[in-house]
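Scroll down for the structure; my scribbles are underneath it.
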There are 2 protein chains.
Amino acid sequence: MERNSAAPAERKCPIETVIHILGGKWKPLILWHLLDSAKRFSELEKLIPEVTQKMLAQHLRELENDRLVDRTVHPTVPPKVEYALSEYGQTMVPVLQTMCDWGEAHNRSLAEEAESAQAIS
Amino acid sequence: MERNSAAPAERKCPIETVIHILGGKWKPLILWHLLDSAKRFSELEKLIPEVTQKMLAQHLRELENDRLVDRTVHPTVPPKVEYALSEYGQTMVPVLQTMCDWGEAHNRSLAEEAESAQAIS
DNA sequence: CCGTATCCGTGGCGATACTG
DNA sequence: CAGTATCGCCACGGATACGG
């Protein structure tokens with residue numbers, strides 16, 4: 001591991017920090033799904049069908065280490081574990097939102113481009 | 001290549017799009033340095049000493065393909081090439097800014113944490 | 001000065017099987 | 001249900017050398 005949490009490197013631009021923290025393939029998706037409410041492990045698996053158990057577990061660990069999500073274990077049988085955006089994780093919401101807005105606009109402009117290209121042919 | 005530009009995958013969350021576009025190791029840094037003014041290839045090399053020519057060239061090409069930067073060739077001897085944030089690239093500024101702000105705040109809270117840990121010992 | 005070409009190592013990620 | 005363990009691919013990225 002060692003790619004997350006307390007990287008000793010000096011970062012000229014703080015953007016690097018963000019990239020580093022949600023640099024996993026599924027990190028943003030996971031956070032996105034946790035935005036509205038806490039989710040169980042199996043729920044996240046269903047919400048993101050393409051992700052493997054390994055990566056889901058690994059990314060959740062890293063997000064937990066970075067204090068962005070809280071992991072709550074209910075001592076029941078069968079075991080029940082819930083993941084929620086931590087108070088600190090809430091501070092990431094504007095970042096997620098801004099990125100999401102831009103992504104939407106970008107996708108729309110791509111769609112328009114494809115449309116006008118089709119109009120030519 | 002093939003990792004950038006016109007990915008056919010359906011993206012549930014537009015955040016994926018952003019991640020995809022500035023998913024390179026040096027992309028955010030490059031854009032960051034282009035924020036205030038256009039830069040030459042060699043200037044960017046000096047501003048980001050750790051980056052290799054290969055990666056700098058590769059990332060600049062991808063950013064150009066994604067319409068985020070404009071590449072201007074001055075037909076002089078010796079050749080002079082300038083890279084600038086395109087008009088479309090300007091729309092990315094708020095994203096960069098938000099991420100940067102969060103990164104700063106995060107680094108600060110990490111520093112405080114280290115400080116209080118030191119106070120104990 | 002501004003790149004491209006080639007070789008190669010690292011690690012992110014997937015697939016599968018196993019455990020408390 | 002909620003994970004861990006192990007194996008292996010391959011794309012990302014670094015180093016070096018070469019071309020316009």
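If you're wondering where the values come from, they're calculated on a predicted model, not measured in any experiment. Chain letters run A, B, ... following the sequence lines, proteins first, then strands; residues in each count from 1.
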By side-chain contact (heavy atoms from CB on, under 4.5 Å), which residues pair with [X], not counting sequence neighbours?
X	value
B:Thr76	B:His74, B:Lys80
A:Glu45	A:Phe41, A:Ser42, A:Gln53, A:Leu56
A:Arg71	A:Arg61, A:Glu64, A:Val73, A:Val81, A:Tyr83
B:Ala38	B:Glu82, B:Ala84

Expressed as a whole number of angstroms, how long is the span from [X]:[atom1] to [N]:[atom2]?
X	N	atom1	atom2	result
B:His59	C:dG3	NE2	P	15 Å
A:Leu56	C:dG12	CG	P	17 Å
A:Glu82	D:dG3	CD	P	12 Å
B:Leu29	D:dG13	CG	P	13 Å
A:Ile19	C:dG12	CD1	P	15 Å
B:Gln58	C:dT6	CD	C1'	14 Å
A:Lys27	C:dC13	NZ	P	8 Å
A:Leu60	D:dA2	CG	P	11 Å

- Close approaches to DNA chain D from residues 36-45 of chain A, in residue order (heavy atom, under 4.0 Å):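 Correct list: A:Arg40, A:Phe41, A:Ser42.
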Suppose we screen for side-chain hydrogen bond (donor to acceptor under 3.5 Å, both in side chains). Which residues come up paired with [X], at least two apart in sequence or across chains?
X	answer
A:Trp26	none
A:Thr52	none
B:Gln97	B:Asp101

- Please tell me which of B:Ala57 and B:Lys46 maps to the more 5' nucleotide of DNA chain C, matching each residue to the nucleotide holding its nearest heavy atom.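 Residue closer to the 5' terminus by nearest nucleotide: B:Lys46.
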- Message: Between B:Arg61 and C:dT4, is there a contact of a side-chain N or O with OP1 or OP2 at under 4.0 Å?
- Response: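 So the side chain of B:Arg61 is within the cut-off, an N or O lying under 4.0 Å from OP1 or OP2 of C:dT4.
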- Message: Just N and O in the side chain of A:Tyr83: are any of them under 4.0 Å from OP1 or OP2 of D:dG3?
- Response: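 Yes, such a contact exists.
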- Message: I'd like to know if the side chain of B:Ser86 reaches the main chain of B:Asp70, judged simply by a donor and an acceptor atom lying under 3.5 Å from each other, with no hydrogens or angles considered.
- Response: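 No.
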- Kindly state each residue pair satisfying salt bridge (charged side-chain N to carboxylate O under 4.0 Å, His left out) with at least one member in residues 31-42 of chain A, sequence neighbours excluded.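 Passing the test, one end in residues 31-42 of chain A: A:Asp36-A:Lys39.
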- Going 5' to 3' through nucleotides 14-20 of chain C and flagging B where a protein heavy-atom sits under 4.0 Å of the base, S where only the sugar-phosphate is that close, and - otherwise, we get BB----B
- Quick one: list whatever passes ring pair (Phe, Tyr, Trp, His ring centres under 6.0 Å) with B:His33, sequence neighbours left out.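 Partners of B:His33 under the ring pair (Phe, Tyr, Trp, His ring centres under 6.0 Å) test: none.
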- Task: Please examine the side chains of A:Leu85 and A:Leu35, heavy atoms only from C-beta on, and report whether any two atoms are closer than 4.5 Å.
- Result: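 Yes; the side chains approach each other to less than 4.5 Å.
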- Item | Difference in axis direction between the ends of the helix from C:dC1-D:dG20 to C:dG20-D:dC1, five pairs, 10° |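 Its terminal axes enclose an angle near 40°.
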